[in-house]
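Worksheet for the structure shown next.
In what follows, every chain begins at residue 1, and chains take the letters A, B, ... in the order their sequences are listed. What you see below is based on every heavy atom in this structure, not just the backbone, and it leaves out hydrogens, waters and symmetry mates. These numbers were taken from a predicted model, which means no experiment stands behind them.
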Amino acid sequence: MSEPTYFDLVYAVVRKVPRGRVTTYGAIADYLALGASRMVGWALNHCRPGDGVPAHRVVNRKGELSGRHHFDPPARMQALLESEGVEVVNDCVVNFKALFWHPEEENDK
DNA sequence: TGTTTGACCACGG
DNA sequence: GCCGTGGCCAAAC
């Protein structure tokens, strides 16, 4: 058990994302002051369903399901979002701007 | 140990 | 408004 790695930090933030909301890699990177949004995606790359990390709630700044291809099956990501009430069309989150959630916004409030 | 990659973002033309 | 390039940091090879 070593010190927490970058993925652990990302996992924690993604887990804080309330249901029916979506966030972006840049928001997480900015919240964690990573300065490198690529690390967020890279961290989620090692993410697994067993970790309980709703990676499907994480999209790029365009609101597009950029990481859907890393899901199994890829359509799983959209299915999960729709299951949470998030409308997804053309692999893009509808009302993305409205559903956008920032780590600074406390979900439990 | 150095190089390459990676679910990206911001800026410039 | 769209396309191209740079940057960013960390892990894997």
> So does H102(A) have more than 12 non-hydrogen atoms from other groups sitting under 6.0 Å from NE2?
Replying inline: yes
>> Distance check needed: dG6(B) P versus N45(A) CG, whole Å only.
In response: 9 Å
> Which nucleotides of nucleotides 8-13 of chain B have their base under 4.0 Å from a protein heavy atom (B), which only their sugar-phosphate (S), and which neither (-), written as one string 5' to 3'?
Replying inline: BSS---
>> From OH of Y6(A) over to C1' of dA7(B), roughly how many Å is that when rounded to an integer?
In response: 17 Å
>> Checking V93(A) against L65(A) for the side-chain contact (heavy atoms from CB on, under 4.5 Å) test, could you report, in this order, the C-alpha distance in whole Å, the side-chain angles of both residues, the deciding distance, and whether it holds?
In response: CA-CA 8 Å; V93(A) 178; L65(A) 284 59; 3.8 Å; yes
> Where do F100(A) and N95(A) land on the side-chain contact (heavy atoms from CB on, under 4.5 Å) test, with the steps shown first?
Replying inline: CA-CA 8 Å; F100(A) 180 80; N95(A) 297 330; over 6 Å; no
> Only one of H56(A), R21(A), R19(A) clears side-chain hydrogen bond (donor to acceptor under 3.5 Å, both in side chains) with E84(A); which?
Replying inline: H56(A)
> To the nearest Å, how far apart are D30(A) CG and dC9(C) C1'?
Replying inline: 15 Å
>> Measuring only between side-chain heavy atoms, which start at C-beta, is L44(A) closer than 4.5 Å to Y25(A)?
In response: yes
Might you list the N or O atoms of the protein lying below 3.5 Å from N or O atoms in nucleotides 3-5 of chain C, with each pair's distance?
none

> Nearest-Å distance, CH2 (W42(A)) to C1' (dT5(B))?
Replying inline: 10 Å
> Given V53(A) and R15(A), is the side-chain contact (heavy atoms from CB on, under 4.5 Å) satisfied, shown in steps?
Replying inline: CA-CA 6 Å; V53(A) 180; R15(A) 262 183 226 159; 3.8 Å; yes
> Between K16(A) and W101(A), is a side-chain contact (heavy atoms from CB on, under 4.5 Å) present by the stated rule, with each step listed?
Replying inline: CA-CA 10 Å; K16(A) 289 176 184 172; W101(A) 176 86; 4.0 Å; yes
>> Rounding to an integer number of Å, can you tell me how far H70(A) NE2 sits from dT5(B) P?
In response: 15 Å
> Is there side-chain contact between V59(A) and M77(A), with heavy atoms separated by less than 4.5 Å?
Replying inline: yes
